[in-house]
Structure formats: structure tokens, C-alpha cells
S.K.: 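Questions regarding the structure given below will be posed in turn.
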Amino acid sequence: MDSIYTLVRDQAQKIAARYPQPDFYHVYAEQVGHSSDLFTNDPVVRDLRDFVAVKIENDFGHGMEHSHKVALDAGAIIAIESRKYEYSFSDLNHRIRMAQCAGLLHDILRKEKNHAQK
């Protein structure tokens, strides 16, 4: 079973590599960068990343790499959507931090029944 999964995953990665990065990352480069900076430097996010790294299983594409991507994209989306409002820099960072924490945690209990609620 693992070998079939590995073959399918590798083939999917080869197919994806043929295409350019989605426009989202270019159009919203400033917000993506803001999310990335906070993800790297915020002590709350850093501590949660360390916690999740020990708890999450890396199977079927739902490990730490996936959680990182979800957290970074969630933070960028908050930064994008927040442009409509006049949040202070610290309030914006708090909102991005919360989205990133949710992104890191979203699959931590994925093998348990009702994992989304937990």
C-alpha cells in the first residue's frame, strides 16, 4: 500500500512541477511575505510549531509540511482581507497569528472521529 501511495504522490508532484506557482503568491506577495515573517519570528507560533511537530503524523500529505502551508496561506488570506479595515499593526498581527495557529492545528487529530470538532 505504501508503495502505491508513494508512486501516486511522486507522479502528482511531477505533474504539479510542470505548472507555475499560483498567481496568488505573486499578486499578494506583500501579504504572503508578512505572513511568512510572522510565522518565522512570532514566539507563540514558533512554540506551537514545535508542539505540533511532535504530535502530528506525517502520512498521506497531512504532516508538518502541509500544516505549514495551510498556516502560511491562512495568515496571508487574513492579511489580504484585513486591507478592507483599519486594523492597527498589532491587531493585524494578532489576527494573522490566530489564523496560523488554526492552520497548524487543523489536522493534529485527523485520525480521530470528528477530528474537525476536536
S.K.: Is there a continuous path of hydrophobic side-chain contacts, each under 4.5 Å between heavy atoms, that joins I77 to V70?
M.R.: no
S.K.: I need the N93 CG to N41 CG distance, nearest 0.5 Å.
M.R.: 10.5 Å
S.K.: When rounded to the nearest 0.5 angstrom, what is the spacing between OG in S36 and CD1 in I96?
M.R.: 11.0 Å
S.K.: Please tell me if the side chains of F89 and H94 come closer than 4.5 Å, counting only heavy atoms from C-beta onward.
M.R.: no
S.K.: Distance-only criterion, 3.5 Å: show the donor-acceptor pairs between side-chain atoms of residues 18-33 and protein atoms not counting sequence neighbours.
M.R.:
from	atom 1	to	atom 2	distance (Å)
Y25	OH	D73	OD1	3.0
Y25	OH	D73	OD2	2.8

S.K.: Taking side chain as C-beta onward, heavy atoms only, is H106 less than 4.5 Å from H66?
M.R.: yes
S.K.: Looking only at heavy atoms, which two atoms of V52 and M64 are closest? And how far apart?
M.R.: CG1-SD, 3.5 Å
S.K.: In Å, rounded to the nearest 0.5 Å, how long is the span from CD1 of I78 to CZ of R83?
M.R.: 13.0 Å
S.K.: State, yes or no, whether a side-chain contact exists between V44 and Q100 at a heavy-atom distance under 4.5 Å.
M.R.: no
S.K.: Do side-chain atoms of S35 reach the backbone of L72 as a donor and acceptor pair under 3.5 angstrom?
M.R.: yes
S.K.: Can V45 be reached from L105 by stepping across I, L, V, M, F, W or Y side chains whose heavy atoms are under 4.5 Å apart?
M.R.: yes
S.K.: Would H68 and F39 count as a ring-ring contact (aromatic ring centres under 6.0 Å, His included) here? Give the steps.
M.R.: CA-CA 9 Å; H68 280 195; F39 188 78; 5.1 Å; yes
S.K.: Please collect all salt bridge (Lys or Arg N to Asp or Glu O under 4.0 Å) contacts where either partner lies in residues 86-99, sequence neighbours excluded, each pair once.
M.R.: D42-R97, D91-R95
